[in-house]
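Remarks on the structure that follows.
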Amino acid sequence: MRGGRSLSARAGDAQVSHSMDLLENIRALLTEAGLRLDDVELFAVANGPGSFTGLRIGVATIKSFAATLSRPAIGVPTLYAVALSAGPSLCTLAMIPAGRGEVFGQLLAVDEGRVPRPLNNPVHLSPGKLLDGLSGRRELKLAGEAVKLYADEIDAYARQQGIALIKEGESSDNSSTEDRLDTWTLASTVENLAFTVGVEAGRLYKSGETGNPFELRAIYVRPSDAELNEQCREQNQQAG
């Protein structure tokens, strides 16, 4: 990106590990934009939550670039990027898949200046439990890949709770929703969040974030399988 303009963009293959294609994709981006790596003045990365392996590879790559070139690096929480991509809202539920039928989710407000404000902490839950925690939300925007992935479950919950679901850009049908108290908007899915991550990183840097690459950390929300297995072993040992 240069300022608020995209110079080149590429979406990776979710079925392929970042270890296989990330550097090649970065090389291709630079070639398309007619730039070299040392032309980059600010590095940005979505730093989670997300897949453990993907986050480690992405964050480590950006940290190494920034540290080697003595450039700033900013981490943008992935759920912030999701909410920002959906536009201004008093309350947006950002949802992304977490694997094994679960999701990462967080409520955020996004003002007209596209500044995000968290309304709670990110969580790792089943879609059903996440939706149950939204009871009483009269107006809500739902955004992120998990909204599309779990559309049937969201629709079933809405019907059960008397919630009108409308797609972004469409107006609700008053004749069919007059008895309903709640209206939830389904935001369009943005396939590539890189532009939003870049815009937010630029805003944070201008607002005073140091961008120290050695302070950049991934946001995991849930423990890894190795940590869970270790906890189980410790519990079994204590029980024995």
Side-chain angles (χ1 to χ4, degrees), residues 4 44 46-50 74-98 102-151 153-204 206-209 219 221:
N47 63 333
I74 297 286
V76 175
T78 309
L79 294 171
Y80 281 41
V82 170
L84 285 166
S85 71
S89 168
L90 293 176
C91 186
T92 295
L93 172 64
M95 299 172 60
I96 57 175
E102 296 178 312
V103 298
F104 295 113
Q106 185 174 16
L107 291 172
L108 301 105
V110 179
D111 68 21
E112 294 296 332
R114 299 298 178 99
V115 177
R117 178 171 58 87
L119 301 177
N120 64 1
N121 294 322
V123 294
H124 170 238
L125 296 169
S126 68
K129 288 184 178 179
L130 183 62
L131 292 170
D132 284 339
L134 301 172
S135 178
R137 290 278 177 182
R138 299 196 62 180
E139 294 185 17
L140 181 71
K141 182 181 288 189
L142 292 85
E145 185 183 350
V147 174
K148 183 178 180 180
L149 184 63
Y150 295 103
E153 192 160 347
I154 293 171
D155 183 67
Y157 179 86
R159 290 176 183 276
Q160 182 183 24
Q161 299 296 321
I163 298 168
L165 290 180
I166 61 172
K167 292 183 179 180
E168 196 167 32
E170 296 180 356
S171 58
S172 60
D173 181 356
N174 291 331
S175 63
S176 64
T177 62
E178 59 185 3
D179 295 327
R180 303 182 184 209
L181 296 176
D182 307 336
T183 300
W184 290 3
T185 302
L186 306 177
S188 302
T189 302
V190 176
E191 301 296 338
N192 190 342
L193 294 171
F195 182 78
T196 304
V197 170
V199 171
E200 176 63 2
R203 185 192 70 81
L204 290 171
K206 290 177 182 177
S207 68
E209 291 280 346
I219 301 170
V221 177

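Quantities reported herein were computed from a predicted structural model and do not represent experimental measurements. Values below: every heavy atom of this structure, side chains too, minus hydrogens, waters and symmetry copies.
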Just by modelled atom types, is the [Y] backbone N or O under 3.5 Å from a matching donor or acceptor in the [X] side chain?
X    : Y    : result
E153 : G128 : yes
K148 : T189 : no
S135 : D132 : no
E168 : S188 : yes
K141 : A83  : no
Y157 : L131 : yes

Does D111 form a side chain to side chain contact (heavy atoms under 4.5 Å, CB included) with R117? I'd like the steps, not just the answer. CA-CA 8 Å; D111 68 21; R117 178 171 58 87; over 6 Å; no
I would like to know whether R159 and D155 meet side chain to side chain contact (heavy atoms under 4.5 Å, CB included); could you show each step before the answer? CA-CA 6 Å; R159 290 176 183 276; D155 183 67; 2.9 Å; yes
[atom1] of [X] to [atom2] of [Y]: how many Å apart, nearest 0.5 Å?
X    : Y    : atom1 : atom2 : answer
Q161 : D182 : CD    : CG    : 8.5 Å
M95  : I154 : CE    : CD1   : 4.5 Å
L90  : L108 : CG    : CG    : 13.0 Å
W184 : R138 : CH2   : CZ    : 13.0 Å
T92  : L140 : OG1   : CG    : 7.0 Å
R137 : T183 : CZ    : OG1   : 15.0 Å

Of L93, T196, V190, L193, the residue whose pairing with V82 passes side-chain contact (heavy atoms from CB on, under 4.5 Å):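 Answer to the side-chain contact (heavy atoms from CB on, under 4.5 Å) test with V82 among L93, T196, V190, L193: L193.
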Passing candidate, side-chain contact (heavy atoms from CB on, under 4.5 Å) with Q106, options I96, N120, V123, L130: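 It is N120; the other options fail the test.
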Looking at [X] and [Y], what are the two nearest heavy atoms and their distance?
X    : Y    : result
Y80  : P116 : CD2-CG, 3.7 Å
R114 : L84  : O-CD2, 3.3 Å
L79  : A94  : O-CB, 3.4 Å
N47  : T78  : N-OG1, 4.2 Å
V197 : A46  : CG1-N, 3.9 Å
G198 : A44  : CA-CB, 4.4 Å

Can L107 and L134 be said to form a side chain to side chain contact (heavy atoms under 4.5 Å, CB included), step by step? CA-CA 10 Å; L107 291 172; L134 301 172; 3.9 Å; yes
